[in-house]
S.K.: 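The structure's right below; bear with me while I get my questions together.
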Amino acid sequence: LWPWLLASSGLSALVQLVTLPFLPDSPSYLLIQKGNEEACRKAIRKLWGEGDHQAEIDDIMKEKVAMTSTKTLRVLEVIKERSLRWQLYILMTVMTTLQLCGINAIYFYSFEVFHTAKFEEYLIPYMSLGVGLCECLSSILCSTLIDRFGRKVLLWGGYTLMCSVLALLTMTLSLQHQFFWMHYFSVILIFLFVIFYGIGP
């Protein structure tokens, strides 16, 4: 079953490969990059149907004007630019915390936690698959929550809940030899951590 499961990811790539020639180019790409207004109108009609789409074309033209008036900065120029300093700090902080949040450790040790919890050997790969499914579903949920609460709230909430789960997970793993039910609590915490990771960072 596992070879077929791994091969199934190639199915979506094959579908994209076959259908890609029939998909229209992006109207903004055609107008901004290629400068072909007629092809842009044709792509818009293909995407949104017949009708007056002059407002959309005007928006793309405004975007084109804004892009031509904006200076493209090199990496060193971005670092030296004082007006971009805070944005750079925020970006570096978010990316650093994303790398050090512990999700890789959770994925690496989840198999061992499931094994220690005395689950049947044949069930453990499916539980690992469930962890990945939790991340996928929580990412979908995040796309609906981000419009309602905003990115900042989800980041703060996600990291706060992840820290709390990691603290509890450390306790449960330390006490797992004293209480038999701690193994199952650790498994629940792993699933919760992955859900909070998908919703937050």
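Source: prediction; values computed, not measured.
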S.K.: Other residues, nucleotides and ligands only: do more than 12 of their heavy atoms fall within 6.0 Å of CZ on Phe191?
M.R.: yes

S.K.: Rounded to the nearest 0.5 Å, what separates atom CE in Met182 from atom CE in Met171?
M.R.: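 These two atoms lie 6.5 Å from each other.
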
S.K.: Tell me, with the steps shown, if Arg41 and Glu37 meet salt bridge (Lys or Arg N to Asp or Glu O under 4.0 Å).
M.R.: CA-CA 6 Å; Arg41 289 179 185 276; Glu37 188 172 337; 3.0 Å; yes

S.K.: Please report the interatomic distance CG(Leu166) to CD1(Ile106), rounded to the nearest 0.5 Å.
M.R.: 5.5 Å

S.K.: Measuring only between side-chain heavy atoms, which start at C-beta, is Arg45 closer than 4.5 Å to Leu47?
M.R.: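 No. Closest side-chain heavy atoms not under 4.5 Å.
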
S.K.: Ser164 side chain to Thr160 main-chain N or O, any donor-acceptor pair under 3.5 Å?
M.R.: yes

S.K.: Is Glu112 atom CD crowded by more than 12 heavy atoms from other residues, nucleotides or ligands, each under 6.0 Å away?
M.R.: no

S.K.: Side chains of Tyr159 and Thr97: do they bring a donor and an acceptor to under 3.5 Å?
M.R.: yes

S.K.: Kindly indicate whether the side chain of Tyr89, heavy atoms from C-beta on, has any atom under 4.5 Å from the side chain of Trp86.
M.R.: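 Yes, at least one pair of side-chain atoms sits under 4.5 Å.
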
S.K.: Classify the angle between the aromatic ring planes of Trp181 and Phe179 as parallel (below 30°), tilted (30 to 60°) or perpendicular (above 60°).
M.R.: tilted

S.K.: Please name the pair of heavy atoms, one in Cys40 and one in Pro27, separated by the smallest distance, quoted to 0.1 Å.
M.R.: SG-O, 3.5 Å

S.K.: Roughly how far, to the nearest 0.5 Å, is the CZ atom of Arg151 from the CD1 atom of Ile146?
M.R.: 5.0 Å

S.K.: Begin with the C-alpha distance, continue with both residues' side-chain angles, and end with the deciding distance and a verdict on side-chain contact (heavy atoms from CB on, under 4.5 Å) for Leu137 and Leu133.
M.R.: CA-CA 6 Å; Leu137 293 175; Leu133 189 63; 4.2 Å; yes

S.K.: Determine, for Arg85 against Glu81, whether the closest basic-nitrogen to carboxylate-oxygen distance falls under 4.0 angstrom.
M.R.: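 So Arg85 does not pair with Glu81 through a salt bridge.
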
S.K.: Donor-acceptor pair, Glu77 side chain versus Arg74 backbone, under 3.5 Å?
M.R.: yes

S.K.: Output the distance between atom OG (Ser8) and atom CG (Leu14), rounded to the nearest 0.5 Å.
M.R.: 12.5 Å

S.K.: Decide yes or no for Leu98 and Tyr197: does some side-chain heavy atom of the first lie under 4.5 Å from some side-chain heavy atom of the second?
M.R.: yes

